[in-house]
Amino acid sequence: MSRLVRCLRRRVISTNLSPSFSYRNNPRRICVQQIQNPCFLSTSKFLSSGSYVSEMRKSAFEGNILRLIRSEIQSELDHSPPLQPEDRFGPFTVDERPGELWVSLRRKYGDKEDIKIEATMFDGSVPSSKSINSDPEDVQLHITFVVNISKDGDGQTLEIMCSAWPDTIQISKFFVRKSSKNSPNAYVGPEFEEMEDELQDSVYQFLEERGISDDLAVFLHQYMKNKDKAEYIRWMETVKSYVEQK
C-alpha cells in the first residue's frame with residue numbers, strides 16, 4: 001500500500017509539471033484538462049481522506065499488540081506457570097475470588113463464632129533488614145488482612161486489622177463494630193502498639209487459638225505470589241480477547 005501511495009504521488013507531480021508544453025498554446029484548454037482528469041480527481045480524493053492508510057496503520061498496531069501479548073502469555077506459562085490455588089488453610093476454606101484483589105478465608109469456631117478473613121494481594125513493601133547493599137529488589141512484601149469474628153444473633157462483629165509480613169503477622173487495630181451502619185466517625189480505640197504489652201499478648205493468643213498465627217502469614221505470601229501470576233495472565237488474556245474483536 002505504501003508503494004501505491006508513492007506511485008500516486010509521483011503521478012500527481014508529473015500531472016502538475018506536464019502542462020507547461022501546452023500552456024503556451026492554449027492555457028484555457030490545459031486548465032480544463034486538469035480539472036476533467038479522472039485520475040487526478042480520484043488521486044486527490046484518496047490522498048485527502050487517508051482512511052485506508054489509517055486502517056492499515058491501525059491493523060498493524062493491533063497486530064503488534066497481539067503479538068507482544070501472546071508472547072508474554074506464552075513466556076509466563078513456559079517459565080513460571082501459576083499453580084492450582086489451595087482451597088484450604090487448616091480449618092479455613094479459601095475463596096480465590098478470581099479477577100479480584102482480595103481472597104477470603106472462612107471457618108466456624110465453636111458453636112457460635114463465624115470467622116472471616118479478607119486479605120489483599122501485595123499492597124506495599126519495605127527494604128529487607130538483611131539487605132546490605134540496598135538492592136531495590138531486596139524487600140519484604142506486605143499484605144493487609146482483616147479478621148471479622150461474629151457471634152450468632154448478637155449483631156456485633158469484632159474486627160481486627162492486621163499486616164502479614166513474610167513470616168509474621170502484626171496487629172494494628174481492633175474494635176467492635178456494632179452494625180453495618182456504624183458511623184464512619186465512631187471511636188475505634190487507640191493504635192494497637194500503644195496498648196499495654198500484656199493486653200497485646202493476650203490478643204495475639206486469642207487469634208492463635210482460632211488458627212490465625214504466623215503460619216497464616218507464610219501461607220498468604222505463598223498464595224499471593226501464585227495469585228499475582230494467575231491474575232496477570234488473566235488480565236493479559238482479557239486484553240487479548242478485546243483487541244481480537246473486530
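- Considering only heavy atoms from C-beta on, V147 comes within 4.5 Å of I115 through its side chain.
- The backbone N or O of E72 sits nowhere less than 3.5 Å from a side-chain atom of S75 that would complete a donor-acceptor pair.
- In this structure, E100 places its CD atom where more than 12 heavy-atom neighbours from other residues, nucleotides or ligands lie under 6.0 Å away.
- The neighbour count for E196 CD, taken as heavy atoms of other residues, nucleotides or ligands under 6.0 Å away, does not exceed 12.
- Aromatic rings of F175 and F192 (six-membered ring for Trp) have centroids beyond the 6.0 Å cut-off, not under it.
- More than 12 heavy atoms of other residues, nucleotides or ligands sit less than 6.0 Å from atom NZ of K173.
- The 12-atom threshold is exceeded at CD of E244, counting heavy atoms of other residues, nucleotides or ligands nearer than 6.0 Å.
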Subject >> Verdict with reasoning, K108 to D114, per salt bridge (charged side-chain N to carboxylate O under 4.0 Å, His left out) >> reply: CA-CA 5 Å; K108 290 280 292 185; D114 288 303; 3.4 Å; yes
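- Looking at heavy atoms from C-beta onward, P82 lies in side-chain contact with I233 at the 4.5 angstrom threshold.
- For E113, the CD atom is densely surrounded, since the number of other residues' heavy atoms within 6.0 Å is greater than 12.
- Crowding of M121 atom CE: a count of heavy atoms from other residues, nucleotides or ligands under 6.0 Å exceeding 12.
- Distance CD/Q222 to CD/E86: 9.0 Å, rounded to 0.5 Å.
- Considering only heavy atoms from C-beta on, H221 stays 4.5 Å or farther from F219 through its side chain.
- Looking only at side-chain heavy atoms (C-beta outward), D152 and D111 stay at 4.5 Å or farther from each other.
- Residues V176 and E159 form no side-chain contact, since every pair of their non-hydrogen atoms from C-beta on lies 4.5 Å or further apart.
- Both tests do not hold together for R88 against F92: distance to the six-membered ring centre under 6.0 Å, angle to the ring axis within 45°.
- With a 4.5 Å cut-off on side-chain heavy atoms, L105 and F89 count as touching.
- Between the CG atom in L207 and the CG atom in L216 there is a gap of 9.5 Å [rounded to 0.5 Å].
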**OP:** Please step through side chain to side chain contact (heavy atoms under 4.5 Å, CB included) for the pair T120 and M224, ending with a clear verdict.
**Re:** CA-CA 8 Å; T120 67; M224 293 307 183; 5.9 Å; no
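- The closest side-chain heavy-atom distance from I171 to M161 is not below 4.5 Å.
- For the atom pair L66 CG and L68 CG, the distance stands at 9.0 Å (nearest 0.5 Å).
- Residues K227 and Y232 are not in side-chain contact: their nearest non-hydrogen atoms beyond the backbone lie 4.5 Å or more apart.
- Note that SG of C162 is 12.5 Å distant from CD1 of I143, once rounded to the nearest 0.5 Å.
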